[in-house]
Amino acid sequence: MSTTAGRPAVVLLSGGLDSATVLALAQADGFACSCLSFDYGQRHAIELEAARAVSAAAGVTDHRVAVLDLRLFGGSALTDDIAVPKGDGSPAVGGDVPITYVPARNTIFLAYGLAFAEVIGATDLFIGANAVDYSGYPDCRPEYLAAFESMAALATRAAVVDGERVSVRAPLVAMTKAEIIRAGVDLGVDYAMTTSCYDPIGHAACGTCESCALRRAGFAAAGVDDPTSYAPAAET
């Protein structure tokens with residue numbers, strides 16, 4: 001889909017299932033989307049390849065990758081020498097915040113997105129946060145996103161001088177993973193291009209981390225074939 005017309009918007013694009021769906025939803029709503037991805041020292045850096053593929057397939061002409069190294073702080077299995085928890089394929093949702101939580105990640109990403117939006121004159125900033133089928137990360141909750149939006153109204157020249165307030169849009173926040181997948185399928189999202197795994201083996205998903213478990217359960221609940229390439233030991 002072309003992004004040459006419509007109101008400008010910034011989409012935070014990880015290369016995962018959720019953000020690919022958000023991009024499709026934003027484009028379907030007529031937004032001219034610029035995408036922003038992050039190379040932050042994550043163990044699953046292959047998601048950047050997926051993000052490039054997704055944005056190219058969507059016809060995005062402005063896709064930027066911000067480089068920052070959150071390994072400086074660590075504190076997460078995604079950015080530190082900490083094992084990614086593995087299970088039996090059944091997602092454990094709603095418990096304690098898992099070790100795959102990256103401290104303040106969405107705050108950092110949204111701040112970069114806010115700067116990008118101000119520069120290109122966008123007042124809509126999209127993020128694939130979800131508070132239903134998710135890992136319990138505190139920076140995916142609606143109240144956090146609302147608080148960031150309120151802060152953004154005080155933080156930019158565009159807002160304070162010109163009255164151009166940025167809306168933080170999280171269209172998936174109250175959707176189940178199955179609902180997200182069905183919405184994406186209806187919009188023609190090719191989920192084979194996306195990756196969700198926190199601990200990939202080469203280009204194959206491990207199939208047993210919590211993110212893989214949520215993805216597999218989502219496709220099963222949606223009644224949609226899972227196009228993910230899993231490592232042989234994880235195949236069922």
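Scope of the values below: all heavy atoms of this structure, side chains included, with no hydrogens, waters or symmetry mates.
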Does any part of the side chain of Leu13, heavy atoms only, come nearer than 4.5 Å to the side chain of Leu36, both counted from C-beta?
no
Indicate the ring-plane relationship of Tyr137 and Tyr101, choosing parallel, tilted or perpendicular according to the 30° and 60° boundaries.
tilted
May I ask you to decide if the ring planes of Phe148 and Tyr144 are parallel, tilted or perpendicular, using 30° and 60° as cut-offs?
tilted
Regarding Ser196 and Ser211, do their side chains bring together a donor and an acceptor under 3.5 Å, going by distance alone?
no
Taken to the nearest 0.5 Å, the spacing of Phe126 CZ from Leu110 CG works out to 13.0 Å
Does any N or O in the side chain of Arg7 come within less than 3.5 Å of the main-chain N or O of Ala122, such that one atom is a donor and the other an acceptor?
no
Would you say that Val60 contacts Val11 through its side chain, given a criterion of any heavy-atom pair below 4.5 Å between the two side chains?
no
Judged by atom type as modelled, is there a donor-acceptor pair below 3.5 Å linking the side chain of Thr195 to the main-chain atoms of Gly16?
no
Minimal non-hydrogen separation, Cys140 against Asn106, with atom names
SG-ND2, 3.8 Å
Got a donor-acceptor contact below 3.5 angstrom from the Asp124 side chain to the Ser167 backbone?
no
Could you check if a side-chain atom of Lys86 sits within less than 4.5 angstrom of a side-chain atom of Cys206, using non-hydrogen atoms only?
yes
Closer than 4.0 angstrom, basic N to acidic O: yes or no for Arg157 and Asp162?
yes
So if you build clusters from Ile, Leu, Val, Met, Phe, Trp, Tyr with side-chain heavy-atom gaps below 4.5 Å, do Leu48 and Leu68 land together?
no
For residues Ile181 and Phe219, determine if any side-chain heavy atom of one lies less than 4.5 Å from a side-chain heavy atom of the other.
yes
Taking Ala58's backbone N and O only, do any of them form a donor-acceptor pair with Gln27's side chain (distance below 3.5 Å, no angle check)?
yes
Judged by atom type as modelled, is there a donor-acceptor pair below 3.5 Å linking the side chain of Thr194 to the main-chain atoms of Asp190?
no
Under 3.5 Å donor-acceptor, Glu118 side chain and Ala115 backbone
no
Can you tell me if Thr79 uses its side chain to pair, donor with acceptor, with the backbone of Gly41 under 3.5 Å?
no
Would you say the side-chain atoms of Glu164 pair up with the backbone N or O of Val160, donor to acceptor, closer than 3.5 Å?
no
How close do Pro171 and Ile127 get, counting heavy atoms only, and between which atoms?
CD-O, 4.1 Å
Short side-chain to backbone donor-acceptor contact, Asp29 and Phe31, under 3.5 Å:
no
hydrophobic_cluster_shared for Val67 and Phe73, side chain cutoff 4.5 Å
no
Check: Arg169 and Leu145 side chains under 4.5 Å, non-hydrogen atoms:
no
Check the pair Asp62 / Arg64 against salt bridge (charged side-chain N to carboxylate O under 4.0 Å, His left out), numbers first and verdict last.
CA-CA 6 Å; Asp62 187 7; Arg64 310 187 194 191; 2.8 Å; yes
Using modelled atom types and a 3.5 Å cut-off, is there a donor and acceptor pairing between side-chain atoms of Asp80 and backbone atoms of Ile82?
no
Salt bridge (charged side-chain N to carboxylate O under 4.0 Å, His left out) between Asp139 and Arg105, intermediate numbers included
CA-CA 8 Å; Asp139 53 3; Arg105 180 176 61 179; 5.6 Å; no
Can you tell me how far the NE2 atom of His63 sits from the SG atom of Cys35, to the nearest 0.5 Å?
5.5 Å
Scan side-chain atoms only and decide if His203 and Ser229 contain a donor-acceptor pair under the 3.5 Å cut-off.
no
For Pro98 and Glu210, which heavy atoms make the closest approach, and how far apart are they?
CG-OE1, 4.0 Å
Under a single-linkage definition using a 4.5 Å side-chain heavy-atom cutoff for Ile, Leu, Val, Met, Phe, Trp and Tyr, are Ile201 and Tyr198 assigned to the same hydrophobic cluster?
no
So do Leu25 and Leu172 actually touch side chain to side chain, heavy atoms under 4.5 Å?
yes
Test item: Lys177 and Leu17 side chains (from C-beta on) under 4.5 Å apart, heavy atoms:
yes
On a heavy-atom basis, the closest approach of Met193 and Ala50 is O-CB, 3.2 Å
Do Ser34 and Pro8 make a side-chain contact, defined as non-hydrogen atoms from C-beta onward lying under 4.5 Å apart?
no
Please find the pair of heavy atoms, one from Glu47 and one from Tyr40, that lie closest to each other, and give the distance.
OE2-CE2, 3.9 Å
Tell me the closest heavy-atom pair linking Gly136 and Val97, and the distance in Å.
O-CG2, 3.5 Å
Kindly indicate whether a cation-pi arrangement holds for Arg216 with Tyr230, taking the cut-offs as under 6.0 Å to the six-membered ring centre and within 45° of the axis.
yes
